[in-house]
Amino acid sequence: MYPRDLKYTKEHEWIRVEGDEGTVGITHFAQKELGDIVFVELPEEGEEVVQGDSLAVIESVKAVSDVYSPISGTIIQVNQRLEDEPELINKDPYDEGWIVVIKIKDKDELEDLMSNEEYQELLEGEED
Amino acid sequence: MKKIIKKTPLNSVHKKSGAKMIEFGGWEMPVRYKGIIAEHNVTREKAGIFDVSHMGEILINGDKALDELQYLVTNDVSRLKKGQILYTPMCNNSGGVVDDVLIYCKKEREVYLLVVNAANTDKDFEWIKDNIHQENVNVVNISDKTGQISLQGPFAEKILQKVADYNLKNMKHFWFEEDIEIKGVKCLVSRTGYTGEDGFEIYIPWERTELIWNLLLEIGKDNGLEPCGLGARDTLRLEACLPLYGHELRENLTPVAAGLTRFVKLDKGDFLGKDAIEEELSKGPEYKLVAFEMLERGIPRSGYKIVKDDDEVGFVTSGSYSPTLRKNVGLGYVKTEAAKTGEEIHILIRNKKVKAKIVKKPFYNREV
């Protein structure tokens, strides 16, 4: 449920780093907490983001939730499919439900993120 | 002081079945089981069962009970026959809505049951006691003794008939029957609901509520019955444009503004808020409650501003993705001059103007 090759934030985003690019989404825990996702507000390609800034907005039937950028950089791709199929995030949060690809500005920032083990420890605390 | 969150008699049942729990009106309630959209759809297409034990029940009895109620609420309670139910706003002196309630007539002129919103139960109980003139009228809050289950959807009658010792075909919309036996438990059953579907509300002694819940779920399985949470209850009532207290109904807005004038009877004698409501009717309300659907991408949410051209003309009171219409819809108050069907408005979502259109109420009407 929490792949090893990803890095995690405490706000429940994940990033998969390949070279100097990172694909970003929200975790299984986050999609489950939100419930049926019915709307995603995506950023524009070319936008600059700073680590910790709001990157996108995800709305479930009941809740409105910000997605925070795990890393600083430039958005080079957005998952346009989510406009018509926001439920992809519920169905497949780590693959088809990806949100953006970011060209990473400073790889040192990855140090601030958690491994899958650290993230799971955090969840154990939250689920109590 | 630690806040006390109340629990319904089904609290542990919900938790065991993995429902996601939230706080609502001072109660710990299930917001969803499998998912809001699935629960919404099953209620429209088959049947859904809801724990609504958080609702308040207040009993009013005495020789002059009818006279007191006529003064307390805006609708005409004298029209009720034994076994009949009335929906009515209850207003303050300035015509603002204190609560919206159902009144069940248990004995004409003398005994009435008021079903009130969970978050308002204590407020209503005090309000009623403070505004009653007669000494020999008793007001009793029986909320803590009364469990309530709502069974809604096209198969509701079929399911309940399997276990109720009463021919439900004889129960009309907004009528009820006392002492219907379900598995040996005497229940009050009414043909009412808050979903826009046919359905029943079952009032059960607190400690027997779990027994009836489990029984209905078991015998309803073949008909596709599923437990549903407050999330689906909210989307269902929104599609049917049934107002929710604290959202569409507030102490500073009248039933006239809320579009509930048909539940105000000015010819029945004096009642709380009458002068203010008459004045509002004669000069027209400043704001009117309207239904709207989004024409551009975005979900309206309670509290968002409504603008027309560049002027602020109102605010959203409820909004959601509508599973039946597969559109984003909302209710909101709009200045009367802009509150016309077909009119284009904008909802301010995260500082962006998103186009919407005022439409006729309700969004959803069941085929009869």
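Residue numbering restarts at 1 for every chain, and letters A, B, ... go by the order of the sequence lines. Since the model is a prediction, treat every value here as computed from it, not as a measurement.
- By the 6.0 Å contact criterion, NZ on B:K305 is open, its count of non-hydrogen atoms from other residues, nucleotides or ligands being 12 or less.
- Contact of the B:R297 side chain with the A:E41 side chain is not registered, since no non-hydrogen atoms from C-beta on lie closer than 4.5 Å.
- Two residues are said to be in side-chain contact when any heavy atoms from C-beta on lie closer than 4.5 Å; A:K32 and B:K20 fail this criterion.
- Within the structure, salt bridge (charged side-chain N to carboxylate O under 4.0 Å, His left out) contacts touching residues 98-107 of chain A (residues at least two apart or in different chains) are A:D20-A:K103.
- Heavy-atom neighbours of A:D5 CG from other residues, nucleotides or ligands within 6.0 Å: above the threshold of 12.
- In this structure, the side chains of B:D234 and A:K62 come closer than 4.5 Å at one or more pairs of heavy atoms.
- Counted within 6.0 Å of CD on A:Q80, heavy atoms from surrounding residues, nucleotides or ligands total more than 12; the atom is thus considered enclosed.
- Remark: A:E59 engages B:R301 in a salt bridge, criterion side-chain N to carboxylate O under 4.0 Å.
- Listed by sequence position, B:I37, B:A38 are the residues of residues 37-47 of chain B in contact with chain A, using a 4.5 angstrom heavy-atom cutoff.
- For B:K357, there are no salt bridge (charged side-chain N to carboxylate O under 4.0 Å, His left out) partners at least two apart in sequence or on another chain.
- With sequence neighbours excluded, the residues satisfying salt bridge (charged side-chain N to carboxylate O under 4.0 Å, His left out) with A:E85 are A:R81.
- The shortest distance between side-chain heavy atoms of A:V61 and B:R32 does not fall below 4.5 Å.
- Shown here is B:K15, whose NZ atom has more than 12 heavy atoms of other residues, nucleotides or ligands within 6.0 Å.
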